[in-house]
Amino acid sequence: MVPKIHKRGTRTIGLLYYLYGPGKAEEHIDPHLVASWDHAAPDPGRDPAVTYKQLQELLDQPLANLHESERPTKHVWHLSVRNAPTDRTLSDQEWGDVARRMVAAAGIDDPEQGSGCRWVAVRHADDHIHILATLVREDGYRPDLDFDAVRVQAEARLLEKELGLRQLNPGDGTAAQRPTSAERHKADRMGRERTPREELRETVRRAAAGVASEEEFFERLGASGVLVRKRVAPSGDLLGYTVALPGDLNKDGEPIFYPGSKLAADLSLPRIRERWSDRRQDEPIVEPVAASGPAQARRRASAAVWQAILVMDGTDDAATAAYIAAAGEILDALAKTSAAHTRRELRDAAFAFERASRSHVRAERGHDRALRQAARDLVYSGPALGRGEDGATTAMVIDAVFFLVTVAGHWHAKKAHAQQAAAAHLAAEHLRTAYRAAAAQPMGVLAVRGRSLALPVLRRQVLRVREALPPALAERVLAEAGWAALATTLADAEAAGYDATTLLADAAARRELGSAESVSDVLVWRLRRAADLPADAQTMPLPDGATASSGPTGPKAENPAAKGTQRRRR
């Protein structure tokens, strides 16, 4: 249940015409009252003899008792209350009870406090109602509406439980402004998947990912195709900016501009400047590793992400908030440079995690330098191909970012940041899907090579797994579909001169693996990154003891993991 307090107005009759009218897209059906201040207000929706003017005059009657100078400039209070699409349809009586609870919670009309303001609740759809109130009582008293939004949100959480509706997480005032219903309807008419406000927020976030200066930010913003206006003080100092989508026009045919602060609190110019505020004036900007290409940028990003994961548990809240905010920049950069088969899920992950990147814990910039540089490298390395080393390192970095997002969700949950924790969980689910798409080809190649290993080599890797990992984890790994790919990676690390057993033990100990869908997949990417092995093993020579003739179309190799299990059972 989502209650939303709209801007206060000056014309009761205008709002009544809208509530009882057909709507902007003919979406209003059977408008009628479900509740009112005196339980007996006339209803223009059900009584043809009643006019909107009559209802308006009754609602505004307390204003007539005041001298013109005493009347509030904006006396119309407007609250909409909407249920989720998956919720059951409430009856008129239930919606009436909801309306009475809401006006009492807001301080508009509480029966326990005596006579309150005049109000009506109009229903013109199955899933929501609108409450209109006049902000003057008959005795001239004006209600105390401080924190009315907080109070109606709290009441909504209680109503959800009582009415058996979907229970939403309580907010903390740090969420970005939701699109208005008018913005949503306009987006539908224009055939847009998201409203201009949401598209602009996503565009500005991507432009800010990893930027190192104000000039770079505005250069990227201009290159993104949006319209940009800078707000300059008489002194010449830059105060802020506004952005608009080409083609998004008002009734006068002019572009509709949004200030950065209205897109999200952390997109105001002062907050964006904070991202590089820890850099000294004389300190040179670290140039991105564009020349090394997307694969190297993804490797560096994966290393930076894992380093952040390792230190987050032991650092303070301000530093953790900085890591989480920078994780959002990594996601924005990945979404911007991703290949077609992962682009949608990475974009949705970044869109969801945007909510998790803000809380009342203020980020202490400086701790996030490595992550922000990694985001910068990703942006300047250019779009990655969906195959070869680019595609494989994409899987590697998505795997790492999944764990960072999971850690962020756990931190928010501990802090009782319910909305942020839920957003991180949703982002992690999108990352799971993106990982599957990115990893299918490179993991398939590794698995083919693993099935080409000679039996003695496979047995050596099985012993290595059982020596390096706890027993339960070792048996889980050996039973997974990704075991063949891990066997290949261990053999590759051994061929490269590493102590593969020690390397595996270290990889498993670096972070919990309980949230991993495939432990062997996670270990593959950790090992290949730590040993600097090519992520795409397509062109690597077969490890010693492998036979090129065996494989998925050749003779099936004996499974030494299964055989070892059978021996123990006997």
For the pair R271 and E274, evaluate salt bridge (Lys or Arg N to Asp or Glu O under 4.0 Å) and give the outcome as yes or no after the intermediate values. CA-CA 5 Å; R271 292 292 298 277; E274 289 178 4; 3.5 Å; yes
Contact between [X] and [Y] at the side-chain level, heavy atoms closer than 4.5 Å - yes or no?
X	Y	value
L346	H430	no
H417	V361	yes
L404	M312	yes
W77	D148	yes
I324	Q420	no
D97	R100	yes
D313	T320	no
E155	P3	no

Testing L227, V211, V243 for side chain to side chain contact (heavy atoms under 4.5 Å, CB included) with L221, which one passes?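 When L227, V211, V243 are each tested with L221, the side chain to side chain contact (heavy atoms under 4.5 Å, CB included) holds only for V243.
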If the test is side chain to side chain contact (heavy atoms under 4.5 Å, CB included), which one of L58, L59, I108 qualifies with T134?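 When L58, L59, I108 are each tested with T134, the side chain to side chain contact (heavy atoms under 4.5 Å, CB included) holds only for L59.
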Validate the cation-pi geometry between R194 and F351: distance from NZ or CZ to the six-membered ring centre under 6.0 Å, angle to the ring axis within 45°. yes
Between R88 and D126, is the salt bridge (Lys or Arg N to Asp or Glu O under 4.0 Å) condition met? List the steps. CA-CA 9 Å; R88 66 182 179 86; D126 286 341; over 6 Å; no
Pairing of [X] and [Y] as salt bridge, 4.0 angstrom limit:
X	Y	value
E429	R432	yes
R436	E345	no
D348	R344	yes
E160	R157	yes
D266	R362	no
E162	R101	yes

Please determine whether ring pair (Phe, Tyr, Trp, His ring centres under 6.0 Å) holds for the pair Y20 and Y52, giving the CA-CA distance in whole Å, both sets of side-chain angles, and the decisive distance to 0.1 Å. CA-CA 9 Å; Y20 278 98; Y52 301 148; 5.5 Å; yes
Give the minimum heavy-atom separation between [X] and [Y], together with the two atoms involved.
X	Y	result
L55	V120	CD1-CG1, 4.2 Å
A41	L33	O-CD1, 3.7 Å
R365	A325	NH2-CB, 4.0 Å
A301	A374	CA-CB, 3.7 Å
P246	G225	CG-O, 3.3 Å

Side chains of W119 and D109: donor-acceptor distance under 3.5 Å anywhere? yes
Donor + acceptor pair across side chains of S36, R118 (<3.5 Å): no
For the side chain of [X] and the backbone of [Y], is there at least one donor-acceptor N/O pair under 3.5 Å apart?
X	Y	result
S338	A335	yes
D368	G366	yes
E329	G210	yes
H130	L19	no
R151	A106	yes
R82	D127	no
D252	E254	no
D87	R166	yes
R197	P179	no
D316	A319	yes

For the [atom1] atom on [X], are there more than 12 heavy atoms of other groups (residues, nucleotides or ligands in this structure) within a distance under 6.0 Å?
X	atom1	result
H32	NE2	yes
E193	CD	yes
R273	CZ	yes
H67	NE2	no
K186	NZ	yes

Test ring pair (Phe, Tyr, Trp, His ring centres under 6.0 Å) on Y18 and H28 and set out the steps. CA-CA 9 Å; Y18 169 72; H28 296 176; 5.0 Å; yes
Say you draw a straight line from [atom1] of [X] to [atom2] of [Y]; how long is it, rounded to the nearest 0.5 Å?
X	Y	atom1	atom2	result
T406	L431	OG1	CG	8.0 Å
K415	S359	NZ	OG	9.5 Å
K414	D317	NZ	CG	10.5 Å
F147	Q153	CZ	CD	14.5 Å
D332	L378	CG	CG	11.0 Å
E68	L66	CD	CG	11.0 Å

If the condition is side chain to side chain contact (heavy atoms under 4.5 Å, CB included), which residues does [X] pass it with, not counting sequence neighbours?
X	result
V76	T12, L15, L132
L245	R192, P196, E199, L200, V226, D248
A413	A421

Whether W306 and F403 hold their rings parallel, tilted or perpendicular, with breakpoints at 30° and 60°: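 The rings of W306 and F403 sit tilted, inter-plane angle from 30° to 60°.
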E354 and its salt bridge (charged side-chain N to carboxylate O under 4.0 Å, His left out) partner, picked from R347, R206, R201: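 Checked R347, R206, R201 against E354; only one passes salt bridge (charged side-chain N to carboxylate O under 4.0 Å, His left out): R201.
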